[in-house]
2 protein chains.
Amino acid sequence: MVNDLLKQNIKKNAQLSNSELEEICKYFYPQSIKKKASLLTQGEICKFEGFVLEGCFRIFTIDKKGNENTLYFATRDWWLMDIDSFMNQTPSNLNIQALEDSKVLLINRTDKLALYESIPIVEKLFRVMSQKALVAWQRRLIRNHCETAKERYHYFANTYPNIASKLTDKQIASYLGITHEFLSKIKKQS
Amino acid sequence: MVNDLLKQNIKKNAQLSNSELEEICKYFYPQSIKKKASLLTQGEICKFEGFVLEGCFRIFTIDKKGNENTLYFATRDWWLMDIDSFMNQTPSNLNIQALEDSKVLLINRTDKLALYESIPIVEKLFRVMSQKALVAWQRRLIRNHCETAKERYHYFANTYPNIASKLTDKQIASYLGITHEFLSKIKKQS
DNA sequence: GAAAATAGTTGAACAAGTTCAACTTGATAA
DNA sequence: TTATCAAGTTGAACTTGTTCAACTATTTTC
């Protein structure tokens, strides 16, 4: 079944019956995205939430100075969206771009909101997912404050070796919040 | 009624009946904390979630180098906890310290987990709260990457003037991720 | 398979932020 | 009120990270 990965992922965060799982997954539709194509572009309003089946995405913003800043990467078994734009239905500051030919399952905002109503445990599912994400963001902010760029680079490379291996140094630098020139110098040092 | 502020806060995030509100608030108990006293200390396991009625708290960690790093401040009408330690029941890396004589409403972890079961809309309430918090953390991370210390300082001082006015420059610096000496130089410039 | 575009490297000059130490100011406590 | 302690200021030397420019290597495209 094509939705197996999604079902496994959901089961990690809430205990659902098979019929509930089926009912939820029904609303997700597959989409293929070619390398370099975008699922969302800065200025658009995010009307979907996505789950990566295959490939890799980069979620980034371009600031006033023209610098790209990567919020996170999403690879197989990760969720992806602009939660700010999705919740508030305001224009997104983010770009969601495929780094390689990729496949996602998408759910429309209206369907997702309906699921919260029709299947109460969906509330718990996303409550738990959001809280786990919150923990990750808090930890990352502390690391950004306490650690040097070199330490942050090694942490990233060691913690997510399979993601790091898919990325260019430019993309990694934009995630770490440093220039790619400086990352090049860091890598030479050690 | 002493719980009015809490009820108003909850109502912003989910629509509850009065009886549900009463049932939820029943489990919160007031606690007074003297200036400089701690509600949670690094190494302890966080067994509560709190809501500030009065005063101001600083949530911070002390890293290996001995530097204090402030995750956030919580003043009247804000929530406060170590969500990492609370969820995983692992020793906390955080300290929650009162910056002035303060009052909070606390709910025990076991009571909160029971509320998720007994009042389904509590799931929605914390799902929405978590997602709003997630948005705030993502925005803050982007600001940390795109803006200079000076820009971040002015953003903080302008966005939260009533919090900033309660804080020493040392505390603000530890929130911005810079030294207090450098903050002093920033303030002199402009 | 050649041409063009993009990624990565290096160096030199620079800017942002830290460290340490000495000092001034302000708050707290006895 | 004075003594003490913490907060804030300032300067000099230093480290971390940036900018720009020139170059090399690697992909991508036609």
Side-chain angles (χ1 to χ4, degrees), chain A residues 33-38 55-56 58 60 62-70 73 95 97-102 141-157 163-190, chain B residues 34-38 56 58 60 62-70 73 95 97-101 141 143-157 163-190:
Chain A
I33 299 99
K34 287 269 170 212
K35 183 172 180 170
K36 288 190 183 169
S38 289
C56 188
R58 184 164 73 103
F60 67 99
I62 299 177
D63 67 24
K64 315 124 207 168
K65 298 160 199 160
N67 295 319
E68 291 191 358
N69 191 280
T70 299
F73 301 102
N95 303 278
Q97 193 184 39
L99 299 180
E100 49 187 66
D101 290 356
S102 302
L141 190 112
I142 290 179
R143 277 197 307 277
N144 277 345
H145 279 183
C146 297
E147 298 180 5
T148 64
K150 189 174 176 177
E151 290 168 329
R152 268 144 51 210
Y153 168 67
H154 286 123
Y155 177 84
F156 179 71
I163 300 182
S165 65
K166 294 185 175 201
L167 305 173
T168 66
D169 282 359
K170 232 177 157 173
Q171 291 160 348
I172 295 177
S174 80
Y175 172 85
L176 297 174
I178 58 176
T179 60
H180 67 281
E181 292 97 330
F182 189 56
L183 178 55
S184 174
K185 286 163 195 173
I186 284 173
K187 290 178 78 173
K188 200 188 168 195
Q189 278 173 39
S190 50
Chain B
K34 287 268 169 214
K35 182 170 180 172
K36 289 189 184 170
S38 288
C56 188
R58 184 164 74 103
F60 66 99
I62 300 176
D63 67 22
K64 316 124 207 171
K65 298 161 199 158
N67 294 319
E68 290 191 359
N69 190 281
T70 298
F73 300 102
N95 303 279
Q97 193 183 38
L99 300 181
E100 49 187 64
D101 290 356
L141 191 112
R143 277 197 307 275
N144 277 345
H145 279 183
C146 298
E147 299 179 5
T148 63
K150 189 175 177 176
E151 290 168 330
R152 269 144 53 211
Y153 167 67
H154 286 122
Y155 177 84
F156 179 71
I163 300 182
S165 64
K166 294 186 175 199
L167 305 173
T168 65
D169 283 358
K170 231 176 158 174
Q171 290 160 349
I172 295 177
S174 80
Y175 172 85
L176 297 174
I178 58 176
T179 59
H180 67 280
E181 291 97 330
F182 189 56
L183 178 55
S184 174
K185 286 162 196 175
I186 284 173
K187 290 179 77 173
K188 200 190 170 191
Q189 278 175 40
S190 50

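Here is the naming used below: chain letters follow the sequence lines, and residue numbers restart at 1 for every chain.
- Nearest to the side-chain atoms of A:I178 among the listed nucleotides D:dG17, D:dA21, C:dA21 stands D:dG17.
- In this structure, B:K65 reaches neither bases nor backbone, as no heavy-atom distance under 4.0 Å exists between it and the strands shown.
- Side-chain proximity of B:S184 to D:dT9, C:dT9, C:dG17: nearest is D:dT9.
- Rounded to a whole Å, the CG atom of A:L183 is 16 Å from the P atom of D:dT16.
- If you find the closest nucleotide of DNA chain C to B:F182 and to A:L167, the one lying nearer the 5' end belongs to A:L167.
- Taking atom CD1 of A:I186 as the reference point, atom P of C:dG8 lies 14 Å away to the nearest angstrom.
- At D:dT16, none of the side-chain N or O atoms of A:T148 fall inside 4.0 Å of OP1 or OP2 (strictly under the cut-off).
- When rounded to the nearest whole Å, the span between NZ of B:K185 and C1' of D:dA12 equals 9 Å.
- Separating the CG atom of A:D169 from the P atom of D:dA25 is a distance of 16 Å, rounded to the nearest angstrom.
- In this structure, B:K36 reaches neither bases nor backbone, as no heavy-atom distance under 4.0 Å exists between it and the strands shown.
- Taking 4.5 Å as the limit, some side-chain heavy atom of B:L99 sits within range of a side-chain heavy atom of B:F73.
- Between B:E68 and B:S174 the shortest heavy-atom distance is O-CB, 3.5 Å.
- Between A:L99 atom CG and C:dT6 atom P the separation is 15 Å, expressed in whole Å.
- Taking atom NE2 on A:H180 and atom C1' on C:dG11, their separation rounds to 14 Å, with Å as the unit.
- In this structure, of D:dT28, C:dA7, D:dT18, it is C:dA7 that holds the atom nearest to the side chain of A:K170.
- Between the side chain of A:K170 and the main chain of A:E181, no donor-acceptor pair closer than 3.5 Å is present.
- In this structure, of D:dT18, C:dT18, D:dC20, it is D:dC20 that holds the atom nearest to the side chain of A:E181.
- Judged by distance alone, the side chain of A:Q171 and the main-chain N or O of A:T168 form a donor-acceptor pair under 3.5 Å.
- Side-chain N or O atoms of B:D63 include one that pairs as donor or acceptor with a backbone N or O of B:K65 at under 3.5 Å.
- Closest to the side chain of B:T168, out of D:dA7, C:dG17, D:dT9, is D:dA7.
- Summarising the geometry, the separation between CD1 on B:I172 and P on D:dT9 is reported as 11 Å, rounded to the nearest angstrom.
- In this entry the distance linking NZ of A:K150 with P of D:dT15 reads 14 Å, nearest Å.
- If you find the closest nucleotide of DNA chain D to A:R152 and to B:Q171, the one lying nearer the 5' end belongs to B:Q171.
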